[in-house]
Amino acid sequence: MAPTLEEQQKLTDECTELPLSLPKEKGWRTLHLYQFQGFWCQSAEIQSIMSFQKHFQANDTDIVVASIPKSGTTWLKALAFAVSNRHRFVPNSKSHPLLNSNPHDLVPFLEYKLYANNQLPDLTNISEPRLFGTHIPFASLGNSIQNSDAKIVYICRNPLDTFVSSWHFLNKVKPESGSPISMEEAFDMYCKGIVGFGPFWDHMLGYWKESLLRPNKVLFLKYEDMKEDGAFQLKKLAKFLGFPFTLEEERGGVVENIAKLCCFENMKKLEVNKIGSSIGNFENKNLFRKAEVGDWVNYLSPKMVERLSKVIEERLGGSGLGFEVFP
Ligand code: A3P
């Protein structure tokens, strides 16, 4: 049932007042970060997350693509869309939606798009399976997603590369008036866990543990594995989502066609990904940078590598979630 205007106003008032009582830190861009439900985010995000938590009703057939920013979200959204819609949209067709729409428009963010700016989306007419994206940590996804049969696919990336990618991105999308954040300053905050939706270790561990407990509910993928053996990971993804490739499809090259359609080189050169803004006012062109594994070697000093490796070991060591720091 749609909320009344009064209910909406009450939520808006709560959201406006809440940040005042939360721990606050200087953000990477101009806006502050607040510690909300154990993770760091901006005040506008708190409002949309609270609205999403209150109103979103998951369907058992829903697919949620989850990640911490700059881990390969755009890529995974494209793959999940192409895999689950391949009977409607043939992957090598010249009119495939991914050739004309950015993946973030086809798989919208719950917090940045659907529930942003005080909107209450009508999700009833979306064709199944409905695909959504989110950066919200597992613990804050709410009962509806957690307890339904909705599937969650998580993409995780080596924190060293994620940091470098985040730093580049946030410096590109910062408002003209803002001064750039130095790599050293951003790095210090990252190591302390102060980054959007972080600490990164809590974000990863939340989904990682759930994927071990409920492997049919959460699929945990790694960016590096997808780069190394895309076809294998794609088959894993399709099977998990309930749309396994048939032998005939495999023989017919469908797996390769999807990998090709969604690969970095193809996506980066598409006109639709060079123009427009699909996530708030972030320009789409900034979503595609280098897509290299181990690019951190070009930016981080040995001291930085030592410090972040220590954080990774302390926070993630023993979890079974290993990263090869040295490529
Ligand atoms: P780099 O900054 O290292 O190049 P997100 O989509 O979560 O914002 O992550 C962005 C990172 O994924 C960027 O990494 C970007 O270049 C890379 N990326 C974007 N599209 C990709 C694709 N189709 N395949 C592989 N990597 C991709």
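Here the structure is a predicted model, which means the values were calculated and not measured. Numbers here are sequence positions counted from 1. Just so you know, ligand 1 is whichever comes first in the structure, and atom 1 is the first atom listed for that ligand.
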Kindly assign one of parallel, tilted or perpendicular to the pair [X] and [Y], based on the angle between their ring planes and the thresholds 30° and 60°.
X   : Y   : value
F52 : F56 : tilted
F39 : F36 : perpendicular
F89 : H96 : perpendicular

### Query
Salt bridge or not for K222 and E224, using N-O below 4.0 Å?
no
### Message
With a 4.0 Å cut-off on N to O distance, would you call E249 and R86 a salt bridge?
### Response
yes
Check whether any N or O atom of [X], backbone or side chain, sits under 3.5 Å from an N or O atom of ligand 1, and answer yes or no.
X    : value
G72  : yes
A291 : yes
K290 : yes

Is there a heavy atom of [X] sitting under 4.0 angstrom from any atom of ligand 1?
X    : value
Y223 : yes
H168 : no
D161 : no
S67  : no

What protein heavy atom is closest to [atom], reported as residue, atom name and distance in Å?
atom                    : answer
atom 8 (O) of ligand 1  : K70 NZ, 2.7 Å
atom 11 (C) of ligand 1 : R157 NH1, 3.7 Å
atom 6 (O) of ligand 1  : T74 OG1, 2.5 Å
atom 21 (C) of ligand 1 : F264 CD1, 3.7 Å
atom 5 (P) of ligand 1  : T73 N, 3.5 Å
atom 16 (O) of ligand 1 : R289 N, 2.9 Å

Which one holds for [X] and ligand 1: side chain close, backbone close, both close, or neither close, with close meaning a heavy atom under 4.0 Å?
X    : result
H104 : neither
S165 : both
C262 : backbone

### Message
Looking at every heavy atom in both L160 and L300, which two are closest together, and how far apart are they?
### Response
CD2-CD1, 3.9 Å
[X] and [Y]: side-chain donor and acceptor closer than 3.5 Å?
X    : Y    : value
D105 : N102 : no
E45  : Y112 : yes
H104 : K77  : yes

### Test of ring centre spacing under 6.0 Å for F220 and Y207
no
### Task
List every atom of ligand 1 that sits less than 4.0 Å from any heavy atom of L287, numbering the atoms from 1 in the order shown and giving each element.
15 (C), 16 (O), 19 (C)
## Note on the structure
F288 heavy atoms within 4.0 Å reach ligand 1 at atoms 16 (O), 19 (C), 20 (N)
### OG1-CG distance between T61 and D149, expressed to the nearest 0.5 angstrom
9.5 Å
